[in-house]
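Chain naming here is simple, since letters A, B, ... match the order of the sequence lines and numbering starts at 1 in each.
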Protein chains: 2
Amino acid sequence: MSEDRLSRVFAALADPTRRDIVARLAVGDATVGQLAAPYEVSIQAVSKHLKVLEDAGLVSRSQDAQRRPRHLEAEVFDLMTAWIERYRRQAEERYRRLDAVLAAMDDENQTTINKGAAS
Amino acid sequence: MSEDRLSRVFAALADPTRRDIVARLAVGDATVGQLAAPYEVSIQAVSKHLKVLEDAGLVSRSQDAQRRPRHLEAEVFDLMTAWIERYRRQAEERYRRLDAVLAAMDDENQTTINKGAAS
DNA sequence: CGCTTATTCAACCGATCGGTTGATTAGAGA
DNA sequence: TCTCTAATCAACCGATCGGTTGAATAAGCG
């Protein structure tokens, strides 16, 4: 399924420079040169980072003469949020049930609680 | 800051096997052997995956004889969600403003719209 | 047309990644 | 104690990653 897509999105955001680029693109569209300016690395390196973000679907490019301004595709974030929320909720639900079970055991076996601690 | 932490979390979840492990741990705690069973890869490989998840703070381990059951630490998800939401909102807000500006220009320059297209 | 600007392509390099196999540690249990 | 089970450590391997430099492509400009 979109297993692969999700992997690319997470991998793309695993790099601090790329997260930084996303942050800057959230403010407004920008060209490769503009995006590269604040960094010490070469323009080619930034261009590569942008390719990774594009392959993940996080960024798109348009054309303006020889410039190719990049644009943040914010919808992809939903894919991540959906994945994260799913398992967070599941884990929280489990906690809730576990707490209930432990409370029930506690009610039932008040006197046997020290059994393990005695050794 | 927790730049580094965030990088590790995203990197950890960039691997489908590790996301799968997280999914299983959301259902309930499990030992390395139990987690490794459904996969074709060696136990050592799964052990390595778990180390990555632990280093990212997504998973913790306890002790039960020679077994070391793993537990999902769901709170770390909040770190990601916070990051994602921040830039999604920012991008969405920008859209809103851009739409407003375009609408205003549209009102103002109805007749000049074909200027660019004429050449 | 020839120059400059913006960007990408290509080859290379060291580091990290996901996997392997083999040896080791740690605890239970006969 | 000797043995079995659970898991980790260690060394290695090919692939990918983030970076470099150098050449190529593409579009505006004098």
Side-chain angles (χ1 to χ4, degrees), chain A residues 3-25 28-56 58-72 115-116 119, chain B residues 3-25 28-56 58-72 116 118-119:
Chain A
E3 260 291 287
D4 212 53
R5 177 72 174 281
L6 201 50
S7 293
R8 276 188 308 232
V9 172
F10 278 123
L13 295 177
D15 184 278
T17 304
R18 284 194 295 259
R19 282 200 306 278
D20 222 57
I21 290 174
V22 167
R24 292 193 69 220
L25 286 176
D29 296 1
T31 66
V32 179
Q34 289 168 341
L35 289 167
Y39 304 106
E40 286 185 351
V41 301
S42 67
I43 280 194
Q44 289 95 321
V46 172
S47 188
K48 274 193 183 181
H49 279 309
L50 285 166
K51 182 157 192 320
V52 173
L53 291 168
E54 284 167 46
D55 289 348
L58 279 157
V59 161
S60 64
R61 77 169 85 181
S62 47
Q63 179 110 12
D64 165 34
Q66 67 271 85
R67 264 154 253 108
R68 255 141 305 214
R70 298 315 205 277
H71 174 80
L72 184 63
K115 230 177 55 175
S119 75
Chain B
E3 259 291 287
D4 212 53
R5 176 73 174 281
L6 200 51
S7 292
R8 276 189 308 236
V9 173
F10 278 123
L13 294 177
D15 184 280
T17 305
R18 284 194 294 260
R19 281 200 308 279
D20 222 56
I21 289 174
V22 166
R24 292 194 67 219
L25 286 175
D29 296 1
T31 65
V32 179
Q34 290 168 340
L35 289 168
Y39 303 107
E40 285 185 351
V41 300
S42 66
I43 280 194
Q44 289 96 320
V46 172
S47 189
K48 273 192 185 183
H49 279 309
L50 285 165
K51 183 159 192 318
V52 173
L53 290 167
E54 283 167 45
D55 289 347
L58 280 158
V59 160
S60 64
R61 76 169 84 181
S62 47
Q63 180 110 13
D64 165 33
Q66 67 271 80
R67 264 153 252 106
R68 255 142 304 212
R70 297 315 204 279
H71 173 82
L72 185 63
S119 76

J.: Okay, side chain of A:R61, backbone of A:R68: is any donor-acceptor separation there less than 3.5 Å?
T.: no
J.: Looking at B:K51 and B:D55, is there a salt bridge between them, counting it only when a charged N and a carboxylate O are closer than 4.0 Å?
T.: yes
J.: By the definition side-chain hydrogen bond (donor to acceptor under 3.5 Å, both in side chains), identify the one residue from B:E54, B:R18, B:Q44 that meets it with B:H49.
T.: B:R18
J.: For A:D15 and for A:Q63, find the nucleotide of DNA chain D with the closest heavy atom, then tell me which residue's nucleotide is more 5'.
T.: A:D15
J.: Reading DNA chain D from 5' to 3', where do the contacts with chain B start and stop? Cut-off is 4.0 Å to heavy atoms.
T.: D:dT5 to D:dA11
J.: How about B:I21 and B:V59: do any of their side-chain heavy atoms sit closer than 4.5 Å?
T.: no
J.: Just by protein heavy atoms under 4.0 Å, how would nucleotides 4-10 of chain C read 5' to 3' in B, S and -?
T.: -BSSBB-
J.: Rounded to the nearest 0.5 Å, what's the gap from CG on B:L35 to CG on B:L25? Could you check?
T.: 5.0 Å
J.: Does this structure show an ion pair linking B:D4 with B:R8, if we count only N-O contacts that are shorter than 4.0 Å?
T.: yes
J.: Less than 4.5 Å apart, any side-chain heavy atom of A:V52 and any of A:D15?
T.: no
J.: Ignoring hydrogens and geometry, is there a side-chain-to-backbone donor-acceptor pair from B:Q63 to B:A65 under 3.5 Å?
T.: yes
